[in-house]
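Any value given below was found using the heavy atoms of this structure, including those in side chains, with hydrogens, waters and symmetry copies removed. Below, read A as the first sequence line, B as the second, and so on, with proteins coming before strands; counting in each chain starts at 1.
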2 protein chains.
Amino acid sequence: MDEVAGRRPGLSEQLAESLLALIAGERLAPGDALPTVRALAERLDVTAPTIREALRRLEATDAVRLRHGSGIYVGPGVLRTLMPNPNPIPVDGAQVLFLVEARLAIEPGVAALAARHRSAEQLARLEASATPGAEAGSGAGTAQGSERRKRANFHRELAGACGNPVLYEVVDSLLAARAGEQRALRRLVPDRARDLDQHWAIFEAVRDRDAELAEELTRSHLIELRENTAAQVAETD
Amino acid sequence: MDEVAGRRPGLSEQLAESLLALIAGERLAPGDALPTVRALAERLDVTAPTIREALRRLEATDAVRLRHGSGIYVGPGVLRTLMPNPNPIPVDGAQVLFLVEARLAIEPGVAALAARHRSAEQLARLEASATPGAEAGSGAGTAQGSERRKRANFHRELAGACGNPVLYEVVDSLLAARAGEQRALRRLVPDRARDLDQHWAIFEAVRDRDAELAEELTRSHLIELRENTAAQVAETD
DNA sequence: GCGTGCAGATTGATTAAATCAATTAGTCAA
DNA sequence: TTGACTAATTGATTTAATCAATCTGCACGC
């Protein structure tokens with residue numbers, strides 16, 4: 001009946017907003033501590049279980065983190081505008097294909113942007129992710145300290161080099177979603193060495209600021225991935 | 001200390017997964033009802049407040065919906081792989097610009113895909129969204145029933161016409177994020193009529209299956225949007 | 001001196017029972 | 001048939017108490 005029921009006051013949703021307002025008001029950054037559950041409950045004039053529900057809601061998007069025996073902390077999620085669904089349900093092969101095709105539509109353009117805008121540091125990170133085994137290596141000057149570093153994924157780093165944090169989140173979310181589903185397939189990459197060669201070629205194009213080449217190499221690289229994926233989906237089907 | 005602390009079992013996170021498993025196991029679709037809080041609590045061998053925390057976590061991503069006095073229902077969020085951050089914090093002008101530029105990197109390619117793959121029905125929806133005032137109109141045959149229809153946004157419909165649900169979610173998320181931030185700016189579109197004309201031109205290109213034209217028109221359309229946004233950001237700054 | 005290890009305090013996690021509030025459905029009267 | 005009232009269902013919140021994990025600091029021993 002209600003159809004476009006505008007959604008009324010809500011529930012403990014208000015509390016979640018109040019908590020975000022508190023974080024924003026106090027200029028808290030990821031890693032900073034929040035008051036205790038009991039303190040928050042008193043401050044917002046509700047009881048502990050209620051404040052807890054609001055915290056769980058925020059925790060779902062990694063906006064806060066509750067560490068047993070320690071306290072409540074701001075999480076990296078507050079800063080994001082986009083994210084993968086943290087509650088993924090098992091998917092079918094068609095969905096995996098859509099995922100790869102979405103990357104095919106997005107990442108070539110991102111590679112072109114990266115070739116134009118990449119900084120020296122971003123280039124170094126990209127090179128490291130294109131080099132297997134090298135891992136963290138030296139990089140003594142980066143001082144990445146508390147920065148949360150995911151495992152160096154070439155495509156992630158490529159998106160990071162484009163200079164647009166929103167685009168990075170888009171690609172990061174697609175990759176994260178894929179990670180949750182790639183278990184359904186045997187191996188997405190039959191020829192690992194070939195994969196690395198292509199990564200390296202893309203890196204070189206970005207290094208030389210050749211946007212068109214970077215775009216085209218990324219496109220053909222992902223087309224191969226799509227073909228491999230389609231073949232495995234058909235096989236599993 | 002823990003650095004890469006792997007994250008232990010977690011907490012009531014297990015319960016959230018159990019609930020998702022229940023949804024998946026029972027083949028429940030968005031709109032279907034779940035057992036009552038008390039029943040779930042007994043079934044999963046925990047007490048009501050605990051199950052409630054898990055439900056809040058799922059509610060945050062629209063995987064379930066709790067309707068006071070009615071019951072618990074599966075939400076549309078379960079099917080998504082990507083979503084906008086449901087807990088957005090106020091942003092600055094730079095972030096808004098990044099958002100527009102991300103759309104500029106993505107939507108032209110989406111328009112090209114839409115021109116190639118759009119169905120007759122998708123074309124009709126696109127035309128409707130390009131025509132102001134027409135609104136729902138006739139369309140007696142669609143029988144959209146319980147389908148949750150957001151207000152007809154041209155760019156959203158364009159993404160819907162590309163045939164890739166993941167790409168649709170990407171664009172949808174970017175638009176939703178923008179909606180949460182456009183209040184910071186006066187008006188993103190100074191000339192509404194010009195905007196509509198451009199939408200109509202894009203529609204025509206998609207109708208005629210002219211992928212290159214659709215791509216180019218969408219690009220120039222978004223470039224204008226970027227310029228307008230940049231001007232307003234600079235002004236507000 | 002320095003590190004180990006054992007209390008105690010802090011803080012989140014969970015339980016328990018009870019009450020409040022909103023929706024739904026059923027019933028009865030006009 | 002229609003409308004309003006009532007009662008059952010179900011989620012929302014409170015209160016109080018207990019369990020468990022983490023951190024702090026002091027004492028002990030090498």
Side-chain angles (χ1 to χ4, degrees), chain A residues 1-19 22-23 28 30-75 77 146, chain B residues 1-19 22-23 28 30-75 77 146:
Chain A
M1 292 301 178
D2 40 11
E3 190 69 33
V4 191
R7 294 184 63 215
R8 272 208 279 73
L11 29 145
S12 71
E13 188 173 2
Q14 292 179 312
L15 287 180
E17 288 183 20
S18 297
L19 290 173
L22 191 154
I23 292 173
L28 296 181
D32 293 345
L34 269 66
T36 69
V37 171
R38 293 169 177 86
L40 287 173
E42 185 180 3
R43 179 167 181 166
L44 297 177
D45 203 45
V46 291
T47 53
T50 307
I51 215 73
R52 178 168 289 274
E53 290 183 20
L55 287 170
R56 289 297 184 203
R57 173 194 292 274
L58 297 178
E59 191 190 41
T61 59
D62 213 18
V64 303
R65 288 178 175 178
L66 289 78
R67 289 171 53 186
H68 191 161
S70 175
I72 308 168
Y73 303 86
V74 178
S146 65
Chain B
M1 293 300 179
D2 41 12
E3 190 71 32
V4 190
R7 292 185 65 214
R8 274 208 277 72
L11 29 144
S12 72
E13 188 173 2
Q14 293 180 312
L15 286 180
E17 286 182 21
S18 297
L19 290 172
L22 191 153
I23 293 174
L28 296 181
D32 292 346
L34 269 66
T36 70
V37 170
R38 293 169 177 88
L40 287 174
E42 185 180 3
R43 179 166 181 168
L44 296 177
D45 202 46
V46 293
T47 53
T50 307
I51 214 74
R52 179 167 288 274
E53 290 183 21
L55 287 171
R56 291 294 186 206
R57 172 194 292 275
L58 296 178
E59 191 190 43
T61 60
D62 213 19
V64 303
R65 288 177 174 177
L66 290 79
R67 290 170 51 185
H68 190 162
S70 177
I72 308 168
Y73 302 87
V74 178
S146 65

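In this structure, CG of Leu66(A) is placed 14 Å from P of dT11(C), rounded to the nearest angstrom. When the C1' atom of dT15(C) is taken as reference, atom CG of Asp45(B) falls 12 Å away, rounded to whole Å. Taking atom CD of residue Glu13(A) and atom P of nucleotide dT13(D), one finds them 11 Å apart after rounding to whole Å.
Listed pair Arg56(A) / dT14(C) meets the phosphate criterion, a side-chain N or O lying under 4.0 Å from OP1 or OP2.
Between Pro49(A) and Gly69(A), the residue anchored closer to the 5' end of DNA chain C is Gly69(A), taking for each the nucleotide with the nearest heavy atom. Nearest-nucleotide assignment on DNA chain C puts the 5′-proximal partner with Gly71(A), out of Gly71(A) and Val46(B). Projected onto DNA chain D by closest heavy-atom contact, Ser70(B) and Thr47(A) fall at different nucleotides, the more 5' of which corresponds to Ser70(B).
For Thr61(B), the side chain to side chain contact (heavy atoms under 4.5 Å, CB included) partners are Asn85(A), Pro86(A), Asn87(A), Ala63(B), Met83(B), not counting sequence neighbours.
Here the closest heavy-atom approach between residue Ile72(A) and residue Pro35(A) is recorded as CD1-O, 3.6 Å.
Within the structure, every pair that satisfies the salt bridge (charged side-chain N to carboxylate O under 4.0 Å, His left out) test and touches residues 37-52 of chain B, not counting sequence neighbours, is listed here: Glu53(A)-Arg52(B), Glu26(B)-Arg43(B).
The stretch residues 34-43 of chain B comes close to DNA chain D through Thr36(B), Val37(B), Arg38(B), each having a heavy atom under 4.0 Å from the strand.
For His68(A) against dA20(D), a side-chain N or O and a base N or O form a donor-acceptor pair under 3.5 Å.
Checking side-chain atoms of Ser12(B) against main-chain N and O of Leu15(B) turns up no donor-acceptor pair under 3.5 Å.
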